[in-house]
Amino acid sequence: MSEMAKKEDNGFTFTRSASSNARIGGLARIQTHTNTPPEVCHDDSTPPVKAQTIHDLHSLQKKKSSAPSTPITSSAAASPFSTILEEERQRLQLQSISASLASLTRETGPKVVRGDPASKVVTHHHHDHHYLTPTFDDASDSALKFTHVLYNLSPAELYEQAIKYEKGSFITATGALATLSGAKTGRSPRDKRVVKDESTEHDLWWGKGSPNIEMDEHTFLINRERAVDYLNSLEKVFVNDQFLNWDPEHRIKVRIVSARAYHSLFMHNMCIRPTPEELEEFGTPDFTIYNAGQFPCNRYTHHMTSSTSIDINIARKEMVILGTQYAGEMKKGLFSVMHYLMPKRNILSLHSGCNMGKDGDVALFFGLSGTGKTTLSTDHNRYLIGDDEHCWSENGVSNIEGGCYAKCVDLSREKEPDIWNAIKFGTVLENVVFDEHTRDVDFSDKSVTENTRAAYPIEYIPNAKIPCVAPHPKNVILLACDAFGVLPPVSKLSLAQTMYHFISGYTALVAGTEDGIKEPQATFSACFGAAFIMMHPTKYAAMLAEKMQKHGATGWLVNTGWSGGRYGVGNRIKLPYTRKIIDAIHSGSLLNAEYTKTEVFGLEIPTAIEGVPSEILDPVNTWGDKKAYQDTLLKLASLFKKNFEGFISYKIGTDQSLTEEILAAGPTL
Ligand SMILES: Nc1ncnc2c1ncn2[C@@H]1O[C@H](COP(=O)(O)OP(=O)(O)OP(=O)(O)O)[C@@H](O)[C@H]1O
Ligand SMILES: O=C([O-])CC(=O)C(=O)O
Ligand SMILES: [Ca+2]
Ligand SMILES: [Mn+2]
């Protein structure tokens with residue numbers, strides 16, 4: 001190929017003509033050469049698009065993929081045999097979705113069709129095999145309509161759905177999807193109900209202190225019908241088929257039916273995402289969520305005390321959500337289910353974060369909401385296993401989820417770079433405030449709520465370990481955000497103390513509602529997650545004790561809260577100091593440090609930690625008013641004692657001496 005032709009391939013070529021008549025006023029004339037005859041002036045050397053109409057042109061833009069979200073047609077290249085298999089598979093899948101959405105009174109599922117009702121690609125009349133028509137013995141108007149199913153859409157497709165159809169959905173400057181969760185910006189534990197039947201009556205924890213508010217099967221069915229009718233009345237619903245638990249032996253298949261792209265993207269991020277091959281073999285889910293959060297429950301329905309109801313039915317393997325769009329209900333509802341299913345298999349379920357060092361040393365981080373599980377398990381020097389929900393089995397630790405759910409209030413790039421950088425395309429940003437023009441998020445703005453959140457796939461954290469499984473833990477870190485400011489920044493715990501504090505599940509936050517001086521509010525939540533456990537706390541505690549003993553794990557209590565006085569007087573312990581403390585636990589250097597014992601709580605506290613001012617290690621040093629310190633310390637101790645009274649009649653595990661040691665491991669007044 002000549003030099004000239006080669007250049008012409010690239011488009012225009014400017015050549016100085018050698019011919020004298022091309023010279024004008026002494027300057028060389030510039031000519032453009034193309035492949036076409038020189039007398040026709042073309043501005044483009046590429047052939048025209050292979051489309052006759054705008055419609056044709058648009059249809060060229062999207063390539064058929066084998067992705068689960070494609071409308072049901074097998075590719076032209078497939079053999080007739082595989083076409084039949086593919087069609088059969090798609091038919092079974094629609095049948096399964098229709099069955100999920102079935103009304104129990106009409107005894108039939110809705111007509112379902114895949115694809116966006118707004119898209120021209122799916123038409124009911126020309127692709128008969130694309131939808132499923134059940135036979136109706138009870139004809140009503142609802143029998144005449146289709147429910148369009150948007151099945152396992154990709155983040156990009158869900159963005160388009162959200163932005164087109166859901167008010168309050170915007171793309172932020174870094175590409176995240178900002179959205180509003182509606183009137184509820186947190187979970188509604190007082191509206192969470194569990195069906196009490198012959199089996200759950202004996203298995204579950206009921207009564208005082210239990211998170212399981214009882215409901216009967218019939219009432220559940222009324223709420224289920226309400227949710228299903230609502231979902232079927234919509235033009236389209238989102239269906240996610242995904243997994244929970246990275247331990248392949250104990251993986252659970254979950255289906256989430258929801259009305260909002262926000263909910264579908266949230267669960268896409270938070271659950272484990274199946275590969276196309278895994279999805280092909282998905283079959284029947286082990287558990288199904290019906291999220292009709294925009295629609296209220298009927299206040300005339302038995303047991304209903306508000307317009308919100310989150311209902312779990314273990315026997316039916318179903319959960320119904322009415323009256324709240326807060327997406328955390330789905331995540332934590334499934335977590336509750338895991339707190340039932342896993343212990344049944346002798347696996348411990350944990351409200352904890354987990355990470356692993358380069359040498360394979362594993363740490364668990366327990367703590368109530370806002371105490372630092374996500375912040376501290378996300379550590380640039382360690383592999384992230386997960387930030388919130390884990391299982392501890394004979395195989396080691398496995399994350400239940402496929403994503404993280406980080407608090408964003410006052411998020412800073414400098415202090416939490418990995419979380420900051422995870423807020424990009426694909427991430428759901430709940431209830432944040434942003435500049436209407438630049439779309440820069442202001443993480444300090446609490447106008448909508450203080451509980452602003454980011455939900456992102458775990459692989460958005462650069463050092464996440466995939467698959468999210470790890471060996472048995474070496475350190476068990478109990479986090480408490482003590483707004484009273486009397487717990488030491490770190491203490492080493494005996495096994496009995498670890499159990500005492502695990503069962504107590506203490507944290508103290510500041511009630512954000514009143515104006516003026518805000519009193520710290522002590523919270524005790526058994527197993528650092530009473531809202532999610534299903535059986536009695538001592539069941540989980542006994543399992544934890546047994547595993548820690550067997551694998552030689554050390555327990556630690558870390559106060560990520562106040563120092564130098566209670567809330568309003570002192571300050572929150574600086575995150576860099578807490579990180580140094582955590583580093584010393586991971587490295588093993590703190591295990592063999594020098595310790596002294598505190599009064600009242602009897603906690604072993606180190607005298608020095610690299611990078612941390614020694615004087616803060618004993619909180620008494622940081623308080624100006626020593627009398628106030630002593631009073632506050634005794635006040636907190638009495639709150640611990642009072643809370644623990646509910647547990648003193650319980651035996652923990654099979655070892656009676658451990659039970660006695662645990663009871664003795666609390667504060668002494
Ligand atoms: N010393 C500290 N240690 C840990 N976190 C701190 C500290 N000081 C301030 N913080 C802030 O406290 C918050 C801890 O929230 P985090 O998201 O880690 O909670 P969580 O335990 O994961 O709760 P949830 O279960 O609700 O997700 C973060 O906003 C973090 O920036
Ligand atoms: O579930 C939520 O809404 C947030 C969370 O992680 C918790 O409260 O533990
Ligand atoms: Ca978290
Ligand atoms: Mn949590």
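The figures that follow rest on heavy atoms only: side chains count, while hydrogens, waters and symmetry mates do not. Quick caveat, the model's predicted, so the values are computed rather than measured. All ligand and atom numbering here is 1-based and tracks the order in the structure.
- Not a single N or O atom of Leu376, backbone or side chain, sits closer than 3.5 Å to an N or O atom of ligand 1.
- With Glu389 as the fixed residue, the side chain to side chain contact (heavy atoms under 4.5 Å, CB included) test singles out one of Met338, His339, Lys332: Lys332.
- Between Asp379 and Arg579, no side-chain nitrogen of the basic residue sits less than 4.0 Å from a carboxylate oxygen of the acidic one, so the salt-bridge criterion is not met.
- Note on Glu329 versus Lys192: no salt bridge recorded, every NZ/NE/NH1/NH2 to OD/OE distance being 4.0 Å or above.
- Distance OH/Tyr460 to OG1/Thr378: 15.5 Å, rounded to 0.5 Å.
- Ligand 2 does not have Phe335 within reach: every non-hydrogen atom of the residue lies 4.0 Å or more from it.
- Ranking the protein heavy atoms by distance from atom 6 (O) of ligand 2 puts Lys332 NZ, 2.6 Å first.
- Annotation: the span from Asn421 atom CG to Thr174 atom OG1 amounts to 9.5 Å, rounded to 0.5 Å.
- Under 4.0 angstrom from ligand 1, the non-hydrogen atoms of Arg572 all belong to its side chain.
- Heavy-atom proximity to Ile573, at under 4.0 Å, picks out these atoms of ligand 1: 1 (N), 2 (C), 8 (N).
- At a threshold of 2.8 Å, the Mn ion (ligand 4) has a backbone or side-chain N, O or S atom of Asp388 nearer than that distance.
- Atom CE of residue Met304 and atom CG of residue Asp311 lie 5.5 Å apart, to the nearest 0.5 angstrom.
- Given atom 29 (O) of ligand 1, the protein heavy atom at minimum distance is Val409 O, 4.0 Å.
- Applying the side chain to side chain donor-acceptor pair (under 3.5 Å) test between Tyr326 and each of Asn451, Thr185, Thr449, Asn431 identifies Asn451 as the sole match.
- At under 3.5 Å, not a single nitrogen or oxygen of Asp387, backbone or side chain, sits near a nitrogen or oxygen of ligand 1.
- Asp387 and Ser377 are not linked by any side-chain donor-acceptor pair at a separation below 3.5 angstrom, with hydrogens and angles left out of the test.
- Annotation for ligand 2: atoms under 4.0 Å from non-hydrogen atoms of His351 are 9 (O).
- Applying the 4.0 Å criterion to heavy atoms of Thr375 picks out, from ligand 1, the atoms 14 (C), 15 (O), 16 (P), 18 (O), 28 (C), 30 (C).
- The one candidate from Phe335, Tyr340, Tyr540 that meets the ring-ring contact (aromatic ring centres under 6.0 Å, His included) condition with Phe532 is Phe335.
- Among all non-hydrogen protein atoms, the one lying nearest atom 3 (O) of ligand 2 is Tyr326 OH, 2.7 Å.
- Here the protein heavy atom with the shortest distance to atom 4 (C) of ligand 1 is Leu575 CD1, 3.7 Å.
- Polar contact check, Gly372 against ligand 1: a nitrogen or oxygen pair lies under 3.5 Å apart.
- Electrostatic pairing of Asp241 and Arg255 counts as a salt bridge here, judged by a charged N lying under 4.0 Å from a carboxylate O.
- Centred on the Mn ion (ligand 4), the angle running from His351 (NE2) to Lys332 (NZ) is recorded as 100°, rounding to 10°.
- The shortest heavy-atom distance from Lys415 to ligand 1 is not under 4.0 Å.
- With rounding to the nearest 0.5 angstrom, the CG atom of Leu617 is 9.5 Å from the OG atom of Ser563.
- Salt bridge status for Lys415 with Asp410: absent, with no side-chain N to carboxylate O gap under 4.0 Å.
- Cation-pi geometry between Lys331 and Tyr405 is not met: the NZ or CZ atom fails to fall both under 6.0 Å from the ring centre and inside 45° of the normal.
- Considering His263, Gln325, Arg260 in turn, Arg260 is the only one that fulfils the side chain to side chain donor-acceptor pair (under 3.5 Å) rule with Thr179.
- Distances from atom 21 (O) of ligand 1 to the heavy atoms of Lys373, Lys407, Arg579 put Lys373 nearest.
- Backbone or side-chain N, O or S atoms of Lys373 do not reach the Mn ion (ligand 4) at under 2.8 Å.
- Residue-ligand proximity: His351 is placed with a non-hydrogen atom under 4.0 Å from ligand 1.
- Interface of Phe532 with ligand 2, defined as ligand atoms under 4.0 Å from a residue heavy atom, comprises 9 (O).
- Taking only nitrogen or oxygen atoms, main chain and side chain alike, Lys332 does not reach within less than 3.5 Å of ligand 1.
- Under the 30°/60° scheme for interplanar angles, the aromatic rings of Phe524 and Phe640 are found to stand perpendicular.
- Near Glu416, with a cut-off below 4.0 Å to any heavy atom, the atoms of ligand 1 are 30 (C), 31 (O).
- Residue contact annotation: Leu368 has a non-hydrogen atom under 4.0 Å from ligand 1.
- No side-chain donor-acceptor contact under 3.5 Å links Arg251 and Ser398.
- The protein atom (non-hydrogen) at minimum distance from atom 2 (C) of ligand 2 is Arg187 NE, 3.3 Å.
- Under 4.0 angstrom from ligand 2, there are no non-hydrogen atoms of Leu368.
- Between Gly328, Gly561, Gly370, it is Gly370 that holds the heavy atom closest to atom 19 (O) of ligand 1.
- Each of the following atoms of ligand 1 lies closer than 4.0 Å to a heavy atom of Tyr405: 27 (O).
- Residue Lys373 places no heavy atom under 4.0 Å from ligand 2.
- With hydrogens left out, the protein atom closest to atom 4 (C) of ligand 2 is Arg453 NH2, 3.3 Å, a heavy atom.
- At under 3.5 Å, not a single nitrogen or oxygen of Gly367, backbone or side chain, sits near a nitrogen or oxygen of ligand 1.
- Within the listing of ligand 1, atoms 24 (P), 26 (O), 27 (O) sit less than 4.0 angstrom from a heavy atom of Arg453.
- Interatomic distance, OG of Ser393 versus NE2 of His472, reported as 7.0 Å (0.5 Å rounding).
- At the shortest separation from atom 26 (O) of ligand 1 among protein heavy atoms lies Ser369 OG, 2.5 Å.
- We find the CG-CG distance between Asn559 and Leu487 to be 5.5 Å, quoted to the nearest 0.5 Å.
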